[in-house]
Amino acid sequence: MKLTTLFEKGEFVVTGEVGPIKGAIHRDKSIEPSCAIEALQLHQHVHAVNVTDNQSAVMRLGSLAASVRLKTNGIEPVYQLTCRDRNRLALQSDLLTAYSLGIDNVLLLTGDHIQLGDHKEAKPVFDLDSVQLIDMAKGLKRGYDISGSRIENYLDMAFGAVVNPNSDPLDLQIMKMKKKIDAGAQFFQTQAVYDVTVFEKFIKKVEKFNCPIQVGIVILKSPQMARFMNKNVSGVHVPEDLIEEIGSVAKEDRKKKSAEIAGRFVKEVKSICQGVHIMPLGWTDIVPDILEYAGIKHK
Amino acid sequence: MHATIQKPIDEIIKHIQPGEKVFVVGCNNCAWKCYSGGEAETEMMAKRLEKRGIEVAGYTVPGPQGMSLCKLSHTRKVLLEDHADEVKNADSFLILGCGQGVHTVIDATDGGMVHPGCDTVFGGETVSDTHIEEYCSLCGDCIIENTGGLCPMTLCAKQLLNGPCGGAEDGHCEVDPERPCGWILIYERLKKLGRLDLLDSYQPPKKNSKWSRPRSLEVSPTEATFCSISGKVTISNQD
Ligand code: SF4
Ligand code: SF4
């Protein structure tokens with residue numbers, strides 16, 4: 001099911017995220033890869049689950065294979081597709097393949113640079129940027145490839161995109177967001193935000209676009225992890241008071257605290273956005289608590 | 001200019017066979033500015049090779065200062081006439097210059113054996129006597145009209161044409177925090193110029209066929225023809 005259908009119905013759309021395994025899926029169908037197991041844990045609580053595409057430029061199982069596995073298990077995947085590893089031929093071909101295999105939602109991104117990952121000497125492709133990727137995908141929806149040739153059986157998927165409300169200068173980020181909407185983006189998932197004021201300021205500037213936005217949440221696991229993100233994950237900023245808060249409880253109580261912090265944030269911003277995208281980084285078990293704290297009814 | 005940096009000496013000598021007589025050729029333009037193949041470095045290279053037991057048949061840097069090694073007619077004259085005997089005696093040429101210079105020596109010597117003495121790193125602006133910076137990636141399809149003359153193909157690590165990724169931190173690029181985010185440079189410049197409107201229009205994907213290899217250019221005083229796999233484009237400079 002397309003997420004756009006849910007947004008149209010006015011649902012507060014909840015998505016989770018899993019990263020494909022570093023390896024192949026077992027031929028024995030009774031053995032689930034860990035990403036599928038995590039997705040199954042999320043299943044009861046979210047509308048769909050994002051499947052990352054060689055996230056952080058670390059080589060893994062293809063996002064499409066993992067997405068299809070989720071779909072087979074009855075979980076709605078949001079297939080992530082990046083420009084880093086594919087030129088325009090491969091991107092279009094993968095989009096057609098995804099649709100042919102039953103994928104309804106695709107998140108179209110630029111992708112992290114190869115330098116951040118585990119294959120630093122690979123050739124970065126970036127034949128297209130994310131705006132051009134979305135524009136090209138829209139062409140496939142209308143029956144044309146990027147060279148203008150007609151295709152048969154157009155694809156019909158919901159196109160998602162990303163935006164970073166923490167960006168400075170924000171207007172430059174919003175300029176790009178506008179281009180993505182003009183190109184055909186139908187919903188947005190944001191980079192992780194921790195500061196209500198930052199998110200409110202962002203929403204004020206973009207509500208005129210009338211495009212659904214899911215606020216991005218990366219679960220805080222420990223003060224160390226928060227500091228690591230501040231240092232190493234560009235475009236994300238965890239405020240000092242939250243770092244102190246997660247550090248204020250003993251290790252065994254961290255999950256509970258973490259759910260509280262995330263839930264409290266979502267509760268504060270849920271009225272100004274159309275959904276939440278939770279990146280649990282393996283702590284899938286606390287997602288129900290986050291939603292509980294936030295006062296969001298399970299789907 | 002073509003920025004070059006000398007290869008490590010051990011890597012250079014590794015490829016020279018026992019008994020091979022080497023003629024060293026420098027460049028009086030770009031490599032001179034890079035201190036990788038001017039007169040001083042070329043003479044020094046001859047000494048460094050000799051010190052390592054390699055026989056040097058001779059050396060030269062086609063002059064005067066400012067003269068490019070890649071000017072074939074001149075290099076040919078210098079090698080085949082001015083240095084005729086040493087060149088005849090040489091088994092190979094070690095070139096302290098860019099890859100174009102290496103090929104110029106192949107042409108000038110009618111197919112002589114060559115060793116590249118430098119890595120050619122980029123085409124850049126000589127910002128000062130000690131600093132060269134890359135501002136153009138020589139793509140063949142220039143799109144900087146809309147970016148205030150700053151090239152996102154070169155200044156943005158992901159070569160994004162429609163605006164920044166979300167990763168810049170304090171104005172620095174997520175890929176290399178030592179460097180400014182190219183898109184923030186573009187934004188700040190256009191803001192200063194009062195032309196942020198230039199950023200609004202959609203930039204279509206690049207015509208990579210113009211970035212194909214190899215490419216050539218036929219020139220004359222009145223027109224030029226650029227040849228790539230995208231075809232031949234002739235432009236007049238007269239009307
Ligand atoms: S767009 Fe191409 S030609 Fe223009 S400055 Fe950039 S790399 Fe050079
Ligand atoms: S941070 Fe800026 S320069 Fe670096 S990849 Fe992103 S947009 Fe390009």
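Just so we're on the same page: letters track the sequence lines, and every chain starts at 1.
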Applying a strict 4.5 Å limit to non-hydrogen atoms, the region of A:Val233 in contact with chain B is backbone
Most contact-rich option vs chain B, by heavy-atom pairs under 4.5 angstrom, among A:Met175, A:Lys179, A:His237, is A:Lys179
Check whether the side chains of B:Thr104 and B:Thr75 place a donor and an acceptor atom closer than 3.5 Å, and report yes or no. no
The interface call for B:Ala168 against chain A, heavy-atom contacts under 4.5 Å, is backbone
When the 4.5 angstrom heavy-atom criterion is applied to B:Pro177 and chain A, the contacting part is neither
When the 4.5 angstrom heavy-atom criterion is applied to A:Val163 and chain B, the contacting part is neither
| field | Side-chain H-bond candidate by donor/acceptor type, B:His131 with B:Glu133, under 3.5 Å | value | yes
So, the part of A:Asp129 with a heavy atom under 4.5 Å from chain B: the answer is both
Item checked: Check: A:Lys221 side chain, A:Leu281 main-chain N or O, donor-acceptor pair, under 3.5 Å -> yes
If one checks every heavy atom of A:Gln132 against chain B at 4.5 Å, the contacting part turns out to be both
Per-residue tally against chain A (heavy atom, under 4.5 Å) across B:Pro204, B:Gly163, B:Pro205 peaks at B:Pro205
Less than 6.0 angstrom from the centroid, inside 45 degrees of the normal: does B:Lys192 satisfy that with respect to the ring of B:Tyr187?
no
- Evaluate ring-ring contact (aromatic ring centres under 6.0 Å, His included) for A:Phe265 paired with A:Tyr194, printing each intermediate quantity in order. CA-CA 7 Å; A:Phe265 179 76; A:Tyr194 294 95; 7.2 Å; no
So, the part of B:Glu174 with a heavy atom under 4.5 Å from chain A: the answer is both
Notebook entry, point to check: Is A:Glu240 salt-bridged to A:Arg227, cutoff N-O under 4.0 Å?
Noted result: yes
Under 4.5 Å to a heavy atom of chain B? For A:Ile146 that would be side chain
### Task
Determine the interplanar angle of the A:His113 and A:Phe126 rings, folded into 0 to 90°, and report it as parallel if under 30°, tilted if 30 to 60°, perpendicular if over 60°.
parallel
Applying a strict 4.5 Å limit to non-hydrogen atoms, the region of A:Arg88 in contact with chain B is side chain
Okay, A:Leu116 and chain B: the region with an atom under 4.5 Å from a heavy atom over there is side chain
